[in-house]
Amino acid sequence: MIPLFRSAVAADAADRVRAVLDSGYLGQGPRVAEFEAALAQRLGTDRLATVNSATSGLHLALHLLAGPPGPATVGGEVLTTPLTFPATNWPILALGLRPRWVDVDPATLNIDLTDLAAKITARTRAIMVVHWGGYPVDLDRLREVVDEAGRRTGHRPPVIEDCAHAWGSSLRGRPVGDHGNTAVFSFQAIKHLTTGDGGLVVLPDDVLCRRARRLRWLGLDRDSDESFRSSQDVTEWGYKFHLNDIAAAIGLANLDTVDARVDRHRANAAWYADQLRGVAGLDLLERRPDRRSAEWIFTVKVDDRRGFIRRLAEAGIAASPVQRRNDLHSCVHEFRTDLPGLDAVADRMVAIPVGWWVDDDDRSRITEVIRAGW
Ligand SMILES: *Cc1c(COP(=O)(O)O)cnc(C)c1O
């Protein structure tokens with residue numbers, strides 16, 4: 001079976017991990033510092049904090065920008081997309097905030113910015129967006145929408161970008177994660193850049209960055225020297241969300257090889273966009289020339305999705321909707337609302353293998369099977 005996902009681990013990761021295991025220091029130490037320095041170089045900002053998952057990173061970001069949980073968060077809303085992994089949305093519940101679902105643009109599967117604009121009110125504490133499959137939300141247009149709402153309500157809500165799919169994506173030449181918002185990347189096992197499990201929070205200013213670095217470790221300032229560390233007062237409590245040196249060693253190895261893998265995802269996606277154009281019962285997602293997707297997954301919209309998935313499975317090819325709309329889970333029943341854009345795509349969307357493990361023969365076979373019909 002050609003799989004939808006595989007973990008990518010560079011050849012020298014095992015040696016690097018062994019060196020950590022032999023060092024007698026497994027916690028957040030020199031390898032995390034080295035990984036963060038490499039990430040800072042890569043992303044062009046040192047306002048960042050690694051964490052033990054993107055879920056933790058999203059929780060931390062929301063805590064920094066809309067929390068902490070308590071009287072101030074009661075009744076507060078977070079505008080968010082229902083089309084994502086639940087990791088985007090359950091931190092909203094954990095902080096005692098209310099998710100308010102924003103519709104999805106059927107052309108991109110990203111948040112619908114027109115519906116978003118209509119739903120921003122004085123109760124809006126934050127806005128969460130996801131770059132589906134790595135295809136960037138129009139962050140320039142989003143900034144205008146939020147600025148406008150800020151003038152109207154007297155309060156400009158902060159934006160958190162869930163960049164879990166978007167390592168290597170860019171919009172109008174600028175990398176995703178560098179648009180003045182708080183951005184959270186995932187280094188989970190099947191993401192473009194993996195540390196086994198891990199994540200990264202990129203902060204828009206130094207004050208938030210210092211807070212993030214303290215609150216990821218119970219509110220203690222780990223960047224300070226040892227003698228201060230053991231005697232310091234915690235002024236603001238935090239979480240145990242930091243990354244460790246074992247994970248950072250894997251990340252350092254994979255950072256050297258991630259670009260080539262993302263390029264292969266992109267080449268495969270370009271092949272599909274060309275070969276699947278005009279196939280009856282199948283629609284491609286929007287791909288505009290002003291943005292580059294990291295093409296972490298390749299989603300198409302099909303008629304008779306069950307038949308499509310069955311036909312591909314018979315041919316040894318995995319296909320799946322990947323994510324289930326979050327708004328229909330029973331734990332968020334009270335927040336249900338009409339979402340016609342999402343209704344139009346929720347039963348049609350399906351992802352086909354696009355990753356670095358899909359070679360030229362595989363992708364030719366995949367397009368042949370699809371073009372033959374289901
Ligand atoms: C994978 C993923 C996450 C969670 O990442 P973890 O690092 O596993 O916590 C969050 N959001 C989206 C959209 C994801 O795909």
Side-chain angles (χ1 to χ4, degrees), residues 4-9 32 35 39 48-63 78-95 99 101-102 104-105 108-111 126-137 159-169 176-177 181-202 212 216 239-244 246-248 250-251 254 258 262 265 285 293-299 320-327 329 332 342 346 349 351 354-355:
L4 270 178
F5 301 110
R6 274 188 67 180
S7 295
V9 180
V32 170
F35 188 41
L39 291 166
L48 49 79
T50 52
V51 283
N52 57 11
S53 71
T55 310
S56 301
L58 291 160
H59 194 141
L60 179 61
L62 205 54
H63 178 110
V78 178
L79 299 183
T80 187
T81 175
L83 189 55
T84 182
F85 190 57
T88 314
N89 288 317
W90 292 182
I92 301 170
L93 304 173
L95 288 165
W101 307 118
V102 178
V104 163
D105 177 355
T108 61
L109 306 186
N110 285 338
I111 203 162
I127 294 167
M128 303 276 247
V129 303
V130 174
H131 306 289
W132 180 268
Y135 188 70
V137 171
V159 173
I160 299 169
E161 294 172 46
D162 179 340
C163 301
H165 302 178
W167 178 269
S169 297
V176 161
N181 304 314
T182 298
V184 180
F185 291 89
S186 172
F187 302 146
Q188 191 267 342
I190 58 171
K191 299 296 162 65
H192 273 320
L193 175 61
T194 184
T195 59
D197 255 320
L200 177 73
V201 187
V202 181
R216 72 173 165 183
Y239 301 92
K240 187 177 184 289
F241 282 171
H242 66 276
L243 196 69
N244 65 52
I246 300 171
I250 300 171
N254 287 337
V258 65
V262 175
H265 282 245
L285 294 182
S293 174
E295 306 288 3
W296 179 64
I297 53 173
F298 191 86
T299 309
S320 154
V322 179
Q323 267 137 19
R324 170 182 169 186
R325 54 189 291 178
N326 292 181
D327 59 314
H329 285 289
V332 284
L342 180 56
M349 53 183 284
V354 74

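Each ligand, and each atom within it, is numbered from 1 in the order the structure gives. Starting from 1, each residue takes its place in the sequence as its number.
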Without swapping roles, check the side chain of [X] against the backbone of [Y] for a donor-acceptor pair under 3.5 Å.
{"X": "N244", "Y": "I246", "result": "yes"}
{"X": "N89", "Y": "T81", "result": "yes"}
{"X": "N254", "Y": "A8", "result": "yes"}

| said: As a quick check of understanding, evaluate ring pair (Phe, Tyr, Trp, His ring centres under 6.0 Å) for H165 and W132, giving each step before the final call. | reply: CA-CA 7 Å; H165 302 178; W132 180 268; 5.7 Å; yes
**Request:** Flag the pair L79 / W101 as yes when at least one side-chain heavy-atom distance between them is below 4.5 Å, and no otherwise.
**Result:** no
Identify the protein atoms, limited to N or O, that lie within less than 3.5 Å of an N or O atom of ligand 1, and list each pair with its distance to 0.1 Å.
unit_1   : atom_1 : unit_2 : atom_2 : d
ligand 1 : 5 (O)  : S186   : OG     : 3.2
ligand 1 : 7 (O)  : A54    : N      : 2.8
ligand 1 : 7 (O)  : S186   : OG     : 2.7
ligand 1 : 9 (O)  : A54    : N      : 3.2
ligand 1 : 9 (O)  : T55    : N      : 2.8
ligand 1 : 9 (O)  : T55    : OG1    : 2.5
ligand 1 : 11 (N) : D162   : OD1    : 3.4
ligand 1 : 11 (N) : D162   : OD2    : 2.6
ligand 1 : 15 (O) : H165   : NE2    : 2.8
ligand 1 : 15 (O) : K191   : NZ     : 3.0

key: Worked check of side-chain contact (heavy atoms from CB on, under 4.5 Å) between L342 and R325   = CA-CA 8 Å; L342 180 56; R325 54 189 291 178; 3.4 Å; yes
